[in-house]
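Heavy atoms only: backbone and side chains are in, while hydrogens, waters and symmetry mates are out.
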Amino acid sequence: MPRTVLITGATGTVSTALIDALKEADADLRALVRDESGADGLSERGAEVFVGDLDDARSLPPAFEGVQDVWLLTPNGPRAPENSMNAVWAARQAGVERVVRLSVVGAAHDAPTRSGRLHALSDRELERSGMRWTILRPHWFMQNLLNEAGDIAATGTFSLNLASARIGMIDVRDIAECAARVLLDDPDRHHGETYTLTGPRSLTFDEVAEHLRLALGRPVTYLPVGDDAKRETLLGYGVPKWIVDMLEEYAQAYASGWGDLTTDTVAGLLGRPARDIADFARDHAKAFTPTRDPSAAPARAGSR
Ligand SMILES: NC(=O)c1ccc[n+]([C@@H]2O[C@H](COP(=O)([O-])OP(=O)(O)OC[C@H]3O[C@@H](n4cnc5c(N)ncnc54)[C@H](OP(=O)(O)O)[C@@H]3O)[C@@H](O)[C@H]2O)c1
């Protein structure tokens, strides 16, 4: 009998890719959304939609009832540990067998970012939940570059406060495929494992620009900027201050070399190499290309 998998964060970057990765699988998919009006695409892709808000514990039990596996993704923000706690509690109460949680690279009580420290709290809680668990700790998403797509399409440049940082960035499609692998394997197989997921190599943003240039066939230049300039830009786009502060902490950590690491875990789980930046650039070239209609330019996401 197929297992029922509840996907949280179902409209977001990673979970959307996970639903794609699971759509041919022998599993009954449920998608947790806050607002049903934006969930048509999820039903079309075979997921049964449940409305619930991770901020509101009382809204969650119906979505968790009868579920064997939970994909737990919490949005960035100060309430992330509360969101995770609400989901873990709902899962326990419903008799869920396994939770696979999206954490972050370097999550630890002494991590240099508030995001890493908050994720560490939720990782610990899940480890002691009594359910089977697996934690995925991905590195910086290549898809974060889509936030720069509008600038790259319009000017051929992008500005980040990441100096000459080297980052073992990963394509979100690989995170999703690793999550799908774990969720489709026997619940005991990955129980108790924490997987740090990275791309195949650590890259500077000059190197990223060069790969975008090759894929787009026109110049792309990375322009390093200072923290204050980036902060002003993000606040100007309406990104919440908490997120801007968090991004600055990451930028400072990465600029000091903290993100210069890779693992071979993706290849170990998937039996093939992790996607390279060249794959990402080729597959997303259209997003970085000017359109004739300026109103159709890619929008800037609110947070990483
Ligand atoms: N970006 C990176 O480089 C990176 C690297 C490693 C780890 N991470 C981690 O990845 C996670 C973010 O993943 P993502 O980029 O896929 O997220 P995302 O695209 O920002 O999407 C967030 C999802 O969470 C949902 N959501 C927000 N508040 C909610 C609530 N109160 N109750 C239920 N659902 C809620 C959103 O739904 P709505 O449609 O209702 O808004 C959306 O589906 C974070 O935990 C972050 O720390 C990010």
Side-chain angles (χ1 to χ4, degrees), residues 9 11-21 38 41 73 75-76 104 138-176 198-227 229-240 243-244 246-248 250-251 254-255 259 274-304:
T11 58
T13 310
V14 180
S15 298
T16 299
L18 176 58
I19 290 170
D20 282 344
L73 181 146
N76 267 315
V104 71
H139 211 325
W140 199 89
F141 299 170
M142 290 180 191
Q143 277 71 4
N144 295 338
L145 292 163
L146 295 170
N147 290 335
E148 314 308 319
D151 286 351
I152 292 171
T155 68
T157 66
F158 64 104
S159 301
L160 297 170
N161 52 336
L162 286 155
S164 53
R166 259 185 198 284
I167 297 181
M169 56 189 73
I170 180 168
D171 192 309
V172 162
R173 294 172 293 179
D174 284 341
I175 303 170
T198 75
R201 55 184 165 143
S202 204
L203 294 156
T204 66
F205 286 91
D206 284 326
E207 291 166 347
V208 169
E210 174 60 8
H211 282 283
L212 288 170
R213 181 188 74 74
L214 290 169
L216 304 182
R218 58 192 176 79
V220 177
T221 306
Y222 165 51
L223 302 174
V225 292
D227 289 341
K230 192 66 188 173
R231 162 177 289 277
E232 203 176 312
T233 304
L234 292 172
L235 291 171
Y237 278 117
V239 178
I243 299 285
V244 173
M246 176 200 79
L247 292 175
E248 189 171 300
Y250 270 115
Y254 287 141
R275 287 177 172 88
D276 190 67
I277 189 68
D279 302 314
F280 171 86
R282 185 196 59 234
D283 295 345
H284 295 82
K286 199 166 164 214
F288 296 97
T289 301
T291 58
R292 285 174 197 280
D293 171 9
S295 66
R300 172 173 287 272
S303 69
R304 281 192 348 142

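Side-chain N or O atoms of D171 include none that pairs as donor or acceptor with a backbone N or O of R275 at under 3.5 Å. H139 contributes a side-chain N or O that, together with a main-chain N or O of G259, makes up a donor-acceptor pair within less than 3.5 Å. In this structure, the side chain of Q143 engages the main chain of V172 through a donor-acceptor pair within 3.5 Å. For the pair T198 (side chain) and M169 (backbone), a donor-acceptor distance under 3.5 Å is absent. Checked by atom type and distance alone, the side chain of R166 pairs as donor or acceptor with a backbone atom of S202 at under 3.5 Å. With hydrogens and angles disregarded, no donor-acceptor distance shorter than 3.5 Å links the side chain of D151 to the backbone of E148.
Between the OH atom of Y254 and the CG atom of L247 there is a distance of 10.0 Å, given to the nearest 0.5 Å. The line from NE2 of H284 to CG of L216 is 12.5 Å long, rounded to the nearest 0.5 Å. To the nearest 0.5 Å, the span separating OG1 on T13 from CG on N144 amounts to 8.0 Å. With rounding to the nearest 0.5 Å, the separation of CD1 in I175 from CD1 in I170 is 4.5 Å.
A pairwise comparison of heavy atoms in A153 and P290 identifies O-CG, 3.2 Å as the closest pair. Annotation for P200 and D276: closest pair CG-OD1, 3.6 Å, computed over non-hydrogen atoms. Minimum interatomic distance between L146 and A287 (heavy atoms only, all atoms of both residues): CD2-CB, 3.8 Å. Residue A176 comes nearest to A21 through the heavy atom pair O-CB, 4.1 Å, listed as atom of the first residue, atom of the second, then distance. Closest heavy-atom contact between A285 and A215: CB-O, 4.3 Å.
Between Y250 and L162, the closest side-chain pair of non-hydrogen atoms is not below 4.5 Å. No side-chain heavy atom of E248 sits less than 4.5 Å from a side-chain heavy atom of K230. Proximity of V220 to T157: side-chain heavy atoms (C-beta onward) are nowhere separated by under 4.5 Å. Between F288 and L145, the closest side-chain pair of non-hydrogen atoms falls below 4.5 Å. The closest side-chain heavy-atom distance from L160 to V225 is not below 4.5 Å. Proximity of I152 to L212: side-chain heavy atoms (C-beta onward) are separated by under 4.5 Å at one or more points. At a threshold of 4.5 Å between non-hydrogen side-chain atoms, the residues I167 and L203 do not count as touching.
Residues passing the side chain to side chain contact (heavy atoms under 4.5 Å, CB included) test with T16 are R45, sequence neighbours excluded.
Taking the six-membered ring for Trp and the full ring otherwise, the centers of W140 and F205 sit less than 6.0 Å from each other.
Between R173 and D283, at least one side-chain nitrogen of the basic residue sits less than 4.0 Å from a carboxylate oxygen of the acidic one, meeting the salt-bridge criterion.
Surrounding CD of E207 are more than 12 heavy atoms belonging to other residues, nucleotides or ligands, all under 6.0 Å away.
Residue pairs satisfying the side-chain hydrogen bond (donor to acceptor under 3.5 Å, both in side chains) criterion with at least one member in residues 212-225, sequence neighbours excluded, are listed as follows: E210-R213.
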